[in-house]
A.B. asks: 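The structure under discussion is supplied below as structure tokens; questions concerning it will follow.
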Amino acid sequence: MLNTLLPILLFAALGLAVLGALRRVNMWRRGRASKVNLLGGLLAMPKRYMVDLHHVVARDKYIANTHVATALGFVLSALLAILVHGFGLQNRILGYALLLASVLMFVGATFVYLRRRNPPSRLSKGPWMRLPKSLMAFSVSFFLVTLPVAGILPVDFGGWLLAALLSVGVLWGVSEMFFGMTWGGPMKHAFAGALHLAWHRRAERFGGGRSTGLKPLDLSDKSAPLGVEKPKDFTWNQLLGFDACVQCGKCEAACPAFAAGQPLNPKKLIQDMVVGLAGGTDAKFAGSPYPGKPIGEHSGNPHQPIVNGLVDAETLWSCTTCRACVEECPMMIEHVDAIVDMRRHLTLEKGATPNKGAEVLENLIATDNPGGFAPGGRLNWAADLNLPLLSEKGSCDLLFWVGDGAFDMRNQRTLRAFVKVLKAAQIDFAVLGLEERDSGDVARRLGDEATFQLLATRNIQTLAKYSFKRIVTCDPHSFHVLKNEYGAFNGHYRVQHHSTFMAQLIDEGALNLGQHKGSSVTYHDPCYLGRYNGEYEAPRQVLRALGIEVKEMQRSGFRSRCCGGGGGAPITDIPGKQRIPDMRMEDIRETGAELVAVGCPQCTAMLEGVVEPRPLIKDIAELVADALLEEAPANVPSKREPAEVH
């Protein structure tokens, strides 16, 4: 009986899986075109899975080992089951191999079951709660039906009743594993996830690469949509990426907006896009809702506008673009790209940027700065510093990009401190002065791609007139845009954050520094320096050179909590149950530190906006400037340029 039923069940499930795969591919193809290397991506997929994806998964040793056992056991079991029981290649070696593979899968499934007994709140429930049982049904059934093949039990063991029970177990297992992989269910992530890794829209992320710059809109293409209005406006491989979501909730647990009670949950946002891909409602979503928004009130389809259908606009405007969700996602989904794409439609097509958004964008167009300050006041903070202008010098080693912190009295102290450091190290530097415009970061995060491209083009035209070896800035947002986003418009520069440059100066002995005395210090990692650009060590290296032993926060490094100042969040100002900077200050207070070292003007503003009593906030440049000794270091030539950093 089993020899007759097993091939039928296996090949029927495989046939249905193929039909489901074709159906799923057609759903993804509703999206816009996107150029990918189809064959090259498929060939690269195994390495991306085994190395890049597992590099993220391995942060949780329990689930990493569980996934290796379960996934490896399933792949081997499935292939061997098709050979042994589908094609009838029943010899002892293959039989024993299938037994070992099914045992490995069962062990992994047991640990999945243990994790699901009392799951953390971030994990989706519903169909995911049956997954451990389905994994066990598959592995146990194929273990038992393979015992005769291995010669351990007679061919006719158990009789008709056992054969019927085993057939039910096999049917249950192959339905979830094969049929469910393409038609829908917990195992859908295996099929979509593998192809997502193969045809990822940011292939440069793999192999140790980093890709965080937003992709530009082609504003000259009048037929292309300005941003994303409907699910079908996403590229097809973005839709594929949404479908790969495993609903682990790691993005949810890392999201500062969700923790603050703002109406954003990145996991549910991705699942809402999946609903829009197929059509339907969010009523069956079995995870945490958007704070303050009950499940079951949103619906959509590929051809229906997303906002006020699948999601509310305030959900999109709650995002700080900190990339904590992207950093934690084991499936390497690009949440921030999707959010900014949808913001672009709201801003460019609808003019629906909330609160002070429209005013800020108008200021950028009229005055080249978001605060609407008179452009002529850009260098007022340095009236007594006799700063060299690049327009007068024509060339220099270092171009100091001041940024729009020039109009903020608090940040002016940071700028003056860094100028003091540059002069102490006898660096040949200059500033653009009144020729400098806003980098365009705020406009781009708010979805105003047109204003961003206008600012970027003008800045690039200005920079093209001069000769310099590098750009250094105290602002991670300007640093990121100049380094990673101007290249799309032929603006290619060597750009450094001031912490990296100061670490380099210290390493070469170009600064004569005393030691920090007194207050204990913790360091807050800016999102746009850390997660966006991978710079975690240089600021700490500078602090160590000052004799400071950093009291690390529990959420530091790549898991640093956002200050709440990125992505235009202070401008759109979506309310929640608490403020993100207040949450970050609690992280700081837990360390007992009396002083917080920062490396970003927005972080400084957000943290200093927390009601006192609280620790003192100082930029790293201020700490270095305070520690400078009057006597210059020996054997340091004038106007020297530090060695290259790679």
Side-chain angles (χ1 to χ4, degrees), residues 212-220 224-228 313 316-323 336-375 378 401-408 411 432 435-463 473 475-491 495 527-528 532 564-574 600-602 605:
T212 56
L214 291 173
K215 296 184 179 296
L217 287 181
D218 183 358
L219 298 177
S220 65
L226 294 177
V228 168
L316 304 179
W317 296 116
S318 295
C319 179
T320 67
T321 69
C322 71
R323 281 185 74 87
V336 175
D337 283 4
I339 289 171
V340 173
D341 281 342
M342 290 184 278
R343 284 183 176 186
R344 285 169 169 173
H345 172 75
L346 293 177
T347 296
L348 295 172
E349 294 278 12
K350 301 292 187 181
T353 317
N355 294 321
K356 294 184 178 180
E359 177 185 338
V360 165
L361 295 175
E362 289 172 3
N363 288 339
L364 284 168
I365 296 171
T367 66
D368 293 328
N369 68 82
F373 300 104
R378 188 176 283 273
W401 187 275
V402 175
D404 284 302
F407 297 103
D408 177 72
N411 189 62
L432 286 174
E435 289 187 289
E436 183 183 314
R437 295 175 175 84
D438 183 85
S439 67
D441 166 75
V442 172
R444 192 165 226 199
R445 309 312 133 175
L446 290 176
D448 191 347
E449 182 73 3
T451 298
F452 165 75
Q453 292 192 20
L454 177 65
L455 291 167
T457 301
R458 288 178 176 175
N459 280 324
I460 290 168
Q461 289 172 347
T462 298
L463 294 172
T473 178
D475 180 6
H477 296 262
S478 295
F479 163 62
H480 168 72
V481 170
L482 291 166
K483 179 175 183 284
N484 299 313
E485 298 188 350
Y486 273 30
F489 309 96
N490 295 315
V495 190
C527 302
Y528 274 71
Y532 272 80
I571 298 167
T572 57
D573 196 23
I574 304 301
C600 172
Q602 294 198 44

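Computation of the quantities below employed the complete heavy-atom set of this structure, encompassing side-chain atoms and omitting hydrogens, waters and symmetry-equivalent molecules.
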A.B. asks: How many angstroms lie between CH2 in W317 and CG in L346, if you round to the nearest 0.5 Å?
C.D. replies: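 So the CH2 of W317 and the CG of L346 are separated by 5.5 Å.
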A.B. asks: Does G403 offer a backbone N or O that forms a donor-acceptor pair with the side chain of E436 under 3.5 Å?
C.D. replies: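 Between the backbone of G403 and the side chain of E436 there is a qualifying donor-acceptor contact (under 3.5 Å).
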A.B. asks: Would T473 and S478 count as having a side-chain donor-acceptor pair, cut-off 3.5 Å?
C.D. replies: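 Side chains of T473 and S478: no pair found under 3.5 Å.
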A.B. asks: With a 4.5 Å cut-off on side-chain heavy atoms, are L214 and D337 touching?
C.D. replies: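 Yes, close enough: below the 4.5 Å cut-off.
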A.B. asks: How would you list, by chain and number, every residue that makes a side-chain hydrogen bond (donor to acceptor under 3.5 Å, both in side chains) with D368, sequence neighbours excluded?
C.D. replies: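 If we apply the side-chain hydrogen bond (donor to acceptor under 3.5 Å, both in side chains) test to D368, skipping adjacent residues, the hits are R437.
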A.B. asks: Is N369 reaching over with its side chain to a backbone N or O of T367, donor-acceptor style, under 3.5 angstrom?
C.D. replies: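 Flag set: sc N369 to bb T367 pair under 3.5 Å.
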A.B. asks: Between L226 and L219, is there a side-chain heavy-atom distance shorter than 4.5 Å?
C.D. replies: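 In contact.
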A.B. asks: Do R444 and S439 come close enough that some side-chain heavy atom pair is under 4.5 Å?
C.D. replies: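 When only atoms from C-beta onward are counted, S439 and R444 do not touch, as no gap falls below 4.5 Å.
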A.B. asks: Mind checking the CD1-OG1 spacing from I571 to T353? Nearest 0.5 Å is all I need.
C.D. replies: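 Between atom CD1 of I571 and atom OG1 of T353 there are 9.5 Å.
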A.B. asks: Using a 4.5 Å cut-off on heavy atoms from C-beta on, say whether the side chain of D438 contacts that of F452.
C.D. replies: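 F452 does not reach D438 side chain to side chain.
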A.B. asks: Heavy atoms only: give me the nearest S318-I574 pair and the separation to one decimal.
C.D. replies: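 Scanning both residues, the minimum pair turns out to be OG-CG2, 3.4 Å.
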A.B. asks: With a cut-off of under 6.0 Å to the ring centre and 45° to the axis, is R378 in cation-pi contact with F407?
C.D. replies: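 Judged by the rule (NZ or CZ under 6.0 Å from the ring centre, within 45° of its axis), R378 is not positioned above F407.
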A.B. asks: Does some side-chain heavy atom of Y532 sit less than 4.5 Å from a side-chain heavy atom of V336?
C.D. replies: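 V336 vs Y532: side chains touch.
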A.B. asks: Within the structure provided, determine whether W401 and L432 are in side-chain contact (heavy-atom separation under 4.5 Å).
C.D. replies: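 Contact flag for W401/L432 side chains = yes.
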A.B. asks: May I ask you to decide if G564's main-chain N or O and T320's side chain share a donor-acceptor pair within less than 3.5 Å?
C.D. replies: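 Pair absent, no side-chain N/O of T320 close to backbone of G564.
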A.B. asks: With salt bridge (Lys or Arg N to Asp or Glu O under 4.0 Å) as the test, would you mind laying out the steps for E485 and R445 before giving the verdict?
C.D. replies: CA-CA 12 Å; E485 298 188 350; R445 309 312 133 175; 2.7 Å; yes
A.B. asks: Please walk me through it: do L454 and L364 pass side-chain contact (heavy atoms from CB on, under 4.5 Å)?
C.D. replies: CA-CA 10 Å; L454 177 65; L364 284 168; over 6 Å; no
A.B. asks: Evaluate the side-chain proximity of N411 to D475: yes if any heavy-atom separation is below 4.5 Å, no if none is.
C.D. replies: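 No, too far: nothing below the 4.5 Å cut-off.
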A.B. asks: In chain order, what residues pass the salt bridge (Lys or Arg N to Asp or Glu O under 4.0 Å) check against D408, with sequence neighbours excluded?
C.D. replies: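 With sequence neighbours excluded, D408 shows a salt bridge (Lys or Arg N to Asp or Glu O under 4.0 Å) to no residue whatsoever.
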A.B. asks: Working to the nearest 0.5 Å, report the span between CZ of R343 and OG1 of T572.
C.D. replies: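 One finds 6.0 Å between CZ of R343 and OG1 of T572.
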A.B. asks: Decide yes or no for Y486 and I460: does some side-chain heavy atom of the first lie under 4.5 Å from some side-chain heavy atom of the second?
C.D. replies: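 SC-SC contact between Y486 and I460 confirmed.
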A.B. asks: Does one side chain, of T321 or Y528, offer a donor that lies under 3.5 Å from an acceptor on the other?
C.D. replies: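 The criterion, which ignores hydrogens and geometry beyond distance, is satisfied for Y528 and T321.
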A.B. asks: Using the side-chain hydrogen bond (donor to acceptor under 3.5 Å, both in side chains) criterion, which residues pair with D448? Sequence neighbours excluded.
C.D. replies: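 For D448, the residues satisfying side-chain hydrogen bond (donor to acceptor under 3.5 Å, both in side chains) (neighbours in sequence not counted) are T451.
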A.B. asks: Restricting to side-chain hydrogen bond (donor to acceptor under 3.5 Å, both in side chains), what partner residues turn up for R344, sequence neighbours left out?
C.D. replies: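 Listed in chain order: D341, E449.
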A.B. asks: State, to 0.1 Å, how close V360 and P370 come at their nearest heavy-atom pair, and which atoms those are.
C.D. replies: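 Result for this residue pair: CG1-CB, 3.7 Å.
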A.B. asks: For Q602, which residues count as a side-chain contact (heavy atoms from CB on, under 4.5 Å) partner, sequence neighbours excluded?
C.D. replies: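 Partners of Q602 by the side-chain contact (heavy atoms from CB on, under 4.5 Å) criterion, ordered by chain and then number, come out as D441, H477, C600.
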A.B. asks: Can you pull out every salt bridge (charged side-chain N to carboxylate O under 4.0 Å, His left out) where at least one residue sits in residues 350-365? Sequence neighbours excluded, please.
C.D. replies: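 For residues 350-365: none.
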